[in-house]
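To start, the structure under review is shown below, and the notes come after it.
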Number of protein chains: 4
Amino acid sequence: MKHTESLEAPDAPALKPGRGRRRAEDVRRAVLAATAGLLFAEGIRNVTFEKVAARAGVSKMTLYKWWTSPGSLAFEAYFAALEDALTFPDTGDLRADLTTQLHAFIALLERSGSVIAEIIGAAQSDSDLAFDLSEQYVRPRRRLAVDRLSIAQRSGQIREDVDLETLVDQLWGACYHRLLMPAEPLDAAFTDRLIANLFNGIDPRPTDEGSHI
Amino acid sequence: MKHTESLEAPDAPALKPGRGRRRAEDVRRAVLAATAGLLFAEGIRNVTFEKVAARAGVSKMTLYKWWTSPGSLAFEAYFAALEDALTFPDTGDLRADLTTQLHAFIALLERSGSVIAEIIGAAQSDSDLAFDLSEQYVRPRRRLAVDRLSIAQRSGQIREDVDLETLVDQLWGACYHRLLMPAEPLDAAFTDRLIANLFNGIDPRPTDEGSHI
Amino acid sequence: MKHTESLEAPDAPALKPGRGRRRAEDVRRAVLAATAGLLFAEGIRNVTFEKVAARAGVSKMTLYKWWTSPGSLAFEAYFAALEDALTFPDTGDLRADLTTQLHAFIALLERSGSVIAEIIGAAQSDSDLAFDLSEQYVRPRRRLAVDRLSIAQRSGQIREDVDLETLVDQLWGACYHRLLMPAEPLDAAFTDRLIANLFNGIDPRPTDEGSHI
Amino acid sequence: MKHTESLEAPDAPALKPGRGRRRAEDVRRAVLAATAGLLFAEGIRNVTFEKVAARAGVSKMTLYKWWTSPGSLAFEAYFAALEDALTFPDTGDLRADLTTQLHAFIALLERSGSVIAEIIGAAQSDSDLAFDLSEQYVRPRRRLAVDRLSIAQRSGQIREDVDLETLVDQLWGACYHRLLMPAEPLDAAFTDRLIANLFNGIDPRPTDEGSHI
DNA sequence: CCCTAAGCGAGACGGTACGTCGCGTCTTTAC
DNA sequence: GTAAAGACGCGACGTACCGTCTCGCTTAGGG
């Protein structure tokens, strides 16, 4: 999608109230539907402006006008289709909430992990997609997680000197690692071990207050 | 590369001693050199059989004969060019050795991180490349790490109940996360925090022996 | 142009006395100017409603309203720009007058022959343009010529049994032949030979009164 | 067609006996057949690389490789389809032979005049086609005619001072004029009048030996 | 020492996708 | 009210790459 439009408010016009004809919303929906169909059935390699145009009964020009690359289109279609609102629970017990959230995350990846993986993969050589992915997926989600962790830190459930951003990489990042570079199983038990390692530490003779830093 | 050939022994002929002309080793070298040139200069999207053939003065047929996809070719060329033997130090002090190794890893990523990222990205929708990547990159490196961690665990530097594979995802996996889904800086200080979090734990009131598991 | 408007009176409004009348004439001039610019600079292939609209600051709808095809528009713009009134002299001496007229014609073709050629060429597969061309160019000019020849025939300067329309094709038509299917030079000397051939005949032993017919 | 290949000898390879695969002759035939089909059924405007490729089951790249423009392709297909060898009779009687030839020419134009007209029209803004048309149609045919006229001139059937090239424009050129800029009928009687005007002259009081020149 | 078979260059070819341009229609808003 | 601005389907343009397929040159064995 063009960067002027946000994923969170896809109905927000963000168009100058100039004279010409307005963007047809049904066209947008048809495109996203066709794209999602291709994406889930045949993979992101087959999400091609040519095929989407043919399936949606839409002109290629229209696609080029509103989306910068097939990857960007696939990305937007993915979220329009799933609307995977990963809410973050807050029961007061951080460890329990993390467990809940990571289990839900694993469940999501089981359903559509390969599609997410393909989108992240495509972003590695599609800077437009990389931008969208960062702004509308990576950063918002990190923010949600850091916010929850921040509350826990303030209430004394996480040590003061722990960098919360780093923690995100050691929980969700570890999951993405197993998704993108598969070798070991990616399941709920794995996330439990991630949490345990961090809460308990791995050192049998814990030092006082991280003297190594 | 075709799976019948191993990366480790690229000079092994493995050809039936039939009559005809032998495989020209200089052809292979020219191809890998041309590929590496394209890969580092223009990204994996421009590593194309057509361009490689033109640059290396080689027929497309030859490429199809020896490599299954442009991605596989790029992958092989990357390692032929870098030969990035990430040795694992063993001074007896695990935490020091991990720090050393991760700092070296970060330094490597600073040089060629974008190329690695592109290769991993391409593997998400190229199963041939995914296979090669798994067999010749992901698994061997995990094995090296787990071996070193195993020694440490046996010598009492890691608690008995810690799963070492999980640890790999929380150290190197966290780095790959920042590489592939960039949002926060990926530097040596980050790896120090990764280590600290795991060695010290994040809980200000550590429980006894991971009662949550 | 739409057939309701005449070439001969391009300044005649012929517009309904509605409100926007004066403005419409501005638009027409801007369009014709932009079209002529494109036509002479880039050839008739680049006279496109899209480009004319952009250059003239005019909506495409306006163009479609007043002209049936880019070819028709180019045709009208050509004459609006040149106003090449080919007057026919009548000094009483037919042969001298024909020489004068054909020399002037050649001079005109030297200036804008390629544009005329392109317009005639386009008319071969644009029936709207073909209609306009016939009604507003071919037939009027033939009529002018035949009228002058008719006077000469009545005054005994052309044999009674000569078909004047045929003569037009052997004078001006021969010139168009060299314009449209170039092989030999198209110059004043050529037109002199055209005239001489017809006035003198080519037969060294002229028959009596065209017995072959 | 590319200028390296001649129309007269379409089977002449004219290809360097280099190493690669040879040009498939059946592909060429399929293309020309499909093109001719389109050309005669729908006009030259519908001879499009896209449609020809689809009809002939041929890749667009192949068309671009061997033909410079749709117009050039149409031109070659026209002659491959018609092979309209306009032979020039020589019975010794020039006037009779010209009549025979021009009647045959008119008959040809009745069949495929509109296609020829479209090709000549397209050549006005397609310099590649213009080149082919000149080299393989206009000039060879002028040469045939001039050759026949030359024989007649040497045998005393045409006055010494008559320029034969000019004569061509006044006979066949006049016919093309009526074809391309239609206003009066183009039939056998017209060609008879063309001949009569030139043989008899139009002047009721013929001057001695073209004194005007 | 030649003969034979494989390796390999060159490159034609059918596809599919790319990104752009023009046509003709339709809609919305501003002057 | 008219016409600008412009979205849109359609179809053609010309290019790039993919994967397959001949050719014919080159080069090593084996006879």
Side-chain angles (χ1 to χ4, degrees), chain A residues 15-28 45-54 56-66 68-70, chain B residues 15-24 27 45-54 56-66 68-70, chain C residues 16 18-21 23-24 27 45-54 56-65 68-70, chain D residues 15-24 26-28 45-54 56-66 69-70:
Chain A
L15 294 169
K16 284 157 289 180
R19 279 200 270 189
R21 182 180 178 177
R22 286 302 107 81
R23 176 176 182 182
E25 197 52 35
D26 49 339
V27 167
R28 185 175 176 274
R45 293 288 291 258
N46 289 296
V47 174
T48 208
F49 277 171
E50 208 89 48
K51 282 185 185 165
V52 170
V58 145
S59 163
K60 275 198 294 175
M61 270 311 305
T62 304
L63 301 182
Y64 283 105
K65 179 179 278 272
W66 298 107
T68 55
S69 70
Chain B
L15 294 169
K16 283 155 290 181
R19 281 208 274 181
R21 183 180 181 174
R22 284 303 105 81
R23 174 179 180 185
V27 166
R45 294 286 292 260
N46 289 296
V47 174
T48 218
F49 277 173
E50 212 89 42
K51 283 185 186 168
V52 170
V58 146
S59 165
K60 276 198 296 174
M61 273 309 306
T62 306
L63 300 181
Y64 280 105
K65 176 168 284 212
W66 298 104
T68 55
S69 73
Chain C
K16 284 153 285 181
R19 289 196 234 178
R21 175 180 173 274
R23 172 145 179 73
V27 166
R45 295 285 292 258
N46 289 297
V47 174
T48 221
F49 277 172
E50 213 89 45
K51 283 185 186 166
V52 170
V58 147
S59 165
K60 277 199 295 174
M61 274 308 306
T62 307
L63 300 182
Y64 281 105
K65 172 167 285 204
T68 54
S69 73
Chain D
L15 294 170
K16 284 156 287 180
R19 283 198 272 186
R21 182 181 180 175
R22 288 301 107 81
R23 177 177 181 182
D26 49 338
V27 167
R28 185 175 175 274
R45 293 287 291 258
N46 289 297
V47 174
T48 207
F49 277 169
E50 208 88 24
K51 282 185 187 165
V52 170
V58 144
S59 162
K60 274 198 296 176
M61 268 314 300
T62 304
L63 301 182
Y64 283 106
K65 179 179 279 273
W66 298 107
S69 71

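The sequence lines fix the lettering, A, B, ..., with proteins before strands; numbering per chain opens at 1.
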Problem set entry | Base-contact (B) and sugar-phosphate-only (S) positions in nucleotides 11-16 of chain F, heavy-atom cut-off under 4.0 Å, - elsewhere | -SBBBB
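Taking every heavy atom of both residues into account, A:Pro70 and A:Val47 meet most closely at CB-O, 3.2 Å. Here the closest heavy-atom approach between residue C:Phe49 and residue C:Thr68 is recorded as CZ-C, 4.5 Å.
Toward the 5′ end of DNA chain E lies the nearest nucleotide of B:Thr62, the other residue of the pair B:Thr62 and D:Gly57 mapping further downstream. Nucleotides of DNA chain F nearest to C:Val58 and A:Val27 differ in position, and the one nearer the 5' end is that of C:Val58.
Distance CZ/A:Arg28 to CZ/A:Arg23: 5.5 Å, rounded to 0.5 Å.
Rounded to an integer number of Å, the gap from C:Leu63 CG to E:dT25 C1' is 14 Å. In this entry the distance linking CZ of A:Arg23 with P of F:dG9 reads 11 Å, nearest Å. The NZ-P distance, from A:Lys65 to F:dG9, rounds to 12 Å in whole Å. Between the C1' atom of F:dC17 and the CZ atom of B:Arg45 lies a distance of 12 Å, rounded to the nearest Å.
For the side-chain contact (heavy atoms from CB on, under 4.5 Å) test, residues two or more places apart in sequence or in another chain that qualify with B:Thr62 are B:Val27, B:Val58, B:Ser59, B:Trp66. Shown here are the side-chain contact (heavy atoms from CB on, under 4.5 Å) partners of D:Lys51, two or more places apart in sequence or in another chain: D:Leu38, D:Glu42, D:Asn46, D:Thr48.
The side chain of A:Arg22 places an N or O atom within less than 4.0 Å of a non-bridging phosphate oxygen (OP1 or OP2) of E:dT29. In this model, the phosphate group of E:dC8 is approached by a side-chain N or O of B:Trp66 to a distance below 4.0 Å at OP1 or OP2.
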